[in-house]
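One structure is given here, and the rest of the page talks about it.
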Amino acid sequence: MSERVKANKKSPAPVAAAKTEALPVLGPVEMLRWAWTQLTSMRTALFLLLLLAVAAVPGSLFPQRPANPSIVTQYIKDNPDYGKLLDTLQLYDVYSSAWFSAIYILLFISLIGCVVPRAIAHYRAMRSQPPRTPKRLSRLPEYGTLVVPADAGLPASDAIRSAAGVLRKRGYRVEVRDDDGARPSLGAERGFAKEVGNLVFHTSLIGVLVSVAVGGLFGYSGQRILVEGDTFVNTLVGYDQFTPGTNFQSSQLQPYSIQLDKFDVTFDRESRGKIGQPIDFNAEVTTRETPDSPAKQEILKVNEPVNLGGTSIYLTGNGYAPVVTIRDGAGNVAMQGPVVAKLQGENYYSSLVIKVPDARPEQLGFVGFFLPTAFITDEGVSFSGDPDLFNPQLTLNSYFGDLGLDAGAPQNVFELDVSDLTPLNARNLDAGGITLAPGGTYTLPDGKGSISFDSVKRYVGVDIHHNPGQLYALIFALLAVGGLIVSLYVNRRRVWVRTGSHQDGRTMVEYGLLARGEDHRLAAEAAVIRKLLSEEWQIEDSVSGESSDDSDSDSTGTQQTPSRQDDNGADSLTSPAGPTGPKKDQ
């Protein structure tokens with residue numbers, strides 16, 4: 001014996017070899033099948049959904065190039081140590097990056113792989129018959145018995161058929177078995193809508209993913225500022241800022257037009273402490289679906305977009321646009337028209353930048369602010385006391401020199417780099433600043449020209465969105481919510497009923513209920529079924545909801561043995577042990 005032990009200790013190789021031989025060797029096909037099984041599991045789908053949410057976080061932490069390329073460029077300049085590294089990792093293009101797209105596609109495939117087999121299995125389950133009647137119904141979670149008196153004249157076969165009718169009215173799918181035999185039974189099943197809701201929920205998630213992908217591929221968005229009297233035509237050159245989808249083509253743009261006729265703002269003049277706050281915005285516009293279409297008068301309001309050519313036009317901002325006329329040193333009109341003032345503070349205090357590259361002999365630039373209702377403090381500081389045009393005032397500093405526009409480099413229209421310009425007017429210069437009221441004109445120093453403040457117009461900022469998948473995403477989202485509600489509130493239940501005739505002529509009935517999964521309302525369902533059967537057979541049910549019997553475990557034979565209600569589930573139906581414990585006679 002000791003020599004055999006020593007031999008086993010010295011030669012472990014046979015044991016390892018046996019273990020190696022027991023493990024299956026996976027070939028290419030088996031590896032692909034294993035990978036597909038892992039990818040299409042529900043656990044993997046949930047993990048990918050969580051991973052997609054985490055992958056979207058950098059899109060809110062770092063500036064995104066599709067939204068504003070100039071901000072991304074400036075961010076890289078401000079952070080030279082890691083800015084280029086982030087660009088290499090595509091963190092400035094998160095939603096179109098290779099890694100984000102990979103997670104998106106894998107999630108899409110995983111959901112399809114989960115839904116399709118489950119849909120096929122559920123279809124087969126709906127077409128199949130209810131499970132066979134268990135031998136011992138007393139082992140089901142909900143069990144009860146009823147006794148039909150002999151004078152009722154109801155044989156076991158008629159009792160099982162009437163029970164089937166009761167269950168069908170309650171929405172069960174019923175199969176009657178051995179209705180001509182001595183112990184007929186039935187199996188009933190309901191709650192298939194639970195799995196249908198579950199499938200609708202997951203299918204709708206796929207629909208949402210597809211709709212979002214379609215919107216990202218073929219949608220576009222843009223912004224435009226419209227001054228009263230301006231017209232926007234839906235072409236690429238008509239946008240102030242344009243963000244195309246990945247597969248956007250300019251042929252997608254429908255040639256509609258929209259003109260801002262008038263813009264009104266209603267300010268609060270009654271509420272104490274809220275005087276001057278805007279309470280309503282109303283833009284009157286004229287639209288044309290095509291150049292040959294008749295003009296249509298419409299109203300554009302906040303959260304009430306105008307829909308044209310498959311796009312939605314939203315009102316997002318507003319302000320004032322002073323109308324100015326600027327003449328150069330030769331007396332020629334170098335610039336004339338409204339200039340958009342950018343809102344900076346309360347009561348529509350706005351900054352203003354005017355660039356005049358056509359002025360001769362020197363280009364002119366103006367920087368200042370516009371006040372709808374100007375007030376001056378004792379220290380000589382101007383501010384706006386009200387958002388309405390009660391006392392409009394234009395305050396500017398002027399410069400001359402090269403504005404840098406001839407080089408073709410893009411510039412922000414609301415900013416002017418004065419580092420290379422020569423000042424003409426400013427508060428710290430002898431000439432002082434420029435202060436104009438509507439109708440006023442100021443002559444620039446050194447014969448550089450003049451500026452006139454003609455009038456004030458209003459402007460609006462509009463967001464233009466085209467998302468071909470938006471409606472479908474909404475529909476699928478609503479379907480997903482509906483499917484989820486159905487899957488949560490509908491329960492899958494099975495009912496079995498067995499009848500038999502006693503020697504004294506009574507008809508003995510027993511029933512049992514079983515739920516797939518946890519169902520806290522199964523006991524209430526059992527009580528309802530008991531009540532309906534009692535009413536159907538016109539028998540008194542003095543112990544409603546209590547399961548009892550005076551017969552054997554099947555309640556149909558002549559030999560009476562004690563039985564009990566067992567709380568075990570379906571797995572206990574095959575137990576060889578019979579029921580133990582007495583049940584009170586019904």
Side-chain angles (χ1 to χ4, degrees), residues 221-235 237-242 256-267 276-287 297-306 308 311-326 335-356 366-374 384 386-396 411-416 436-439 451-465:
S221 63
Q223 291 78 38
R224 174 62 190 268
I225 292 178
L226 288 174
V227 182
E228 289 176 328
D230 284 356
T231 300
F232 165 73
V233 180
N234 190 33
T235 59
V237 296
Y239 287 88
D240 294 331
Q241 184 174 342
F242 187 78
Y256 64 81
S257 64
I258 177 171
Q259 175 181 311
L260 177 62
D261 300 324
K262 185 179 180 181
F263 180 68
D264 291 322
V265 182
T266 302
F267 297 103
Q277 287 192 0
I279 57 177
D280 189 32
F281 304 94
N282 191 62
E284 300 177 10
V285 297
T286 301
T287 62
Q297 305 296 323
E298 298 190 60
I299 301 297
L300 177 62
K301 299 174 70 69
V302 177
N303 296 327
E304 296 181 15
V306 170
L308 289 171
T311 65
S312 297
I313 303 173
Y314 297 87
L315 177 62
T316 58
N318 68 93
Y320 291 106
V323 180
V324 298
T325 299
I326 299 175
M335 184 266 181
Q336 186 176 38
V339 181
V340 173
K342 184 178 180 181
L343 293 179
Q344 296 291 347
E346 296 181 355
N347 294 326
Y348 279 66
Y349 167 82
S350 309
S351 63
L352 194 73
V353 171
I354 306 174
K355 301 177 184 181
V356 193
F366 299 84
V367 178
F369 51 88
F370 171 75
L371 305 176
T373 301
S384 179
D386 194 274
D388 218 338
L389 293 173
F390 292 133
N391 182 30
Q393 185 182 92
L394 198 58
T395 302
L396 300 170
Q411 292 187 11
N412 191 330
V413 295
F414 298 110
E415 296 179 359
L416 177 62
L436 291 174
I451 178 172
S452 300
F453 182 11
D454 302 331
S455 61
V456 180
K457 291 185 176 182
R458 294 184 181 272
Y459 73 84
V460 298
V462 294
D463 274 359
I464 303 166
H465 292 274

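What you see below is based on every heavy atom in this structure, not just the backbone, and it leaves out hydrogens, waters and symmetry mates.
Annotation: side chain of P338 is not in contact with side chain of Y459 (no heavy-atom distance under 4.5 Å). Contact of the F453 side chain with the P322 side chain is registered, since non-hydrogen atoms from C-beta on lie closer than 4.5 Å. The shortest side-chain heavy-atom distance between N347 and T373 does not fall under the 4.5 Å cut-off. For the pair I258 and V462, the minimum side-chain heavy-atom distance is 4.5 Å or more. Within the 4.5 Å cutoff, the side chain of L394 has no heavy atoms near those of the F366 side chain. F232 is not listed as a side-chain neighbour of I313, based on a closest heavy-atom distance of 4.5 Å or more. Under the 4.5 Å side-chain criterion, counting only non-hydrogen atoms from C-beta, R458 is in contact with Y320.
Panel note: side chain D386, backbone D388; a donor-acceptor pair is recorded below 3.5 Å. For the pair E228 (side chain) and F263 (backbone), a donor-acceptor distance under 3.5 Å is present. Side chain of D280 to backbone of T266: no donor-acceptor contact under 3.5 angstrom is found. Looking at T286, its side chain never comes within 3.5 Å of a backbone N or O of Q259 through a donor-acceptor pair. Although no hydrogens or angles enter the test, the distance criterion places no donor-acceptor pair under 3.5 Å between the side chain of N282 and the main chain of D264.
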Assess whether side chain to side chain contact (heavy atoms under 4.5 Å, CB included) is satisfied between V340 and V227, documenting all intermediate values.
CA-CA 8 Å; V340 173; V227 182; 4.2 Å; yes

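Residues D240 and I225 come closest through the heavy atom pair OD2-N, 2.8 Å.
Under the 3.5 Å distance criterion, with hydrogens and angles disregarded, a donor-acceptor pair is assigned to the side chains of Y239 and N234. Under the 3.5 Å distance criterion, with hydrogens and angles disregarded, no donor-acceptor pair is assigned to the side chains of S350 and Q344.
Taken from CD in E415 to NZ in K355, the straight-line distance is 8.0 Å, to the nearest 0.5 Å. Interatomic distance, OH of Y348 versus CG of L371, reported as 14.5 Å (0.5 Å rounding).
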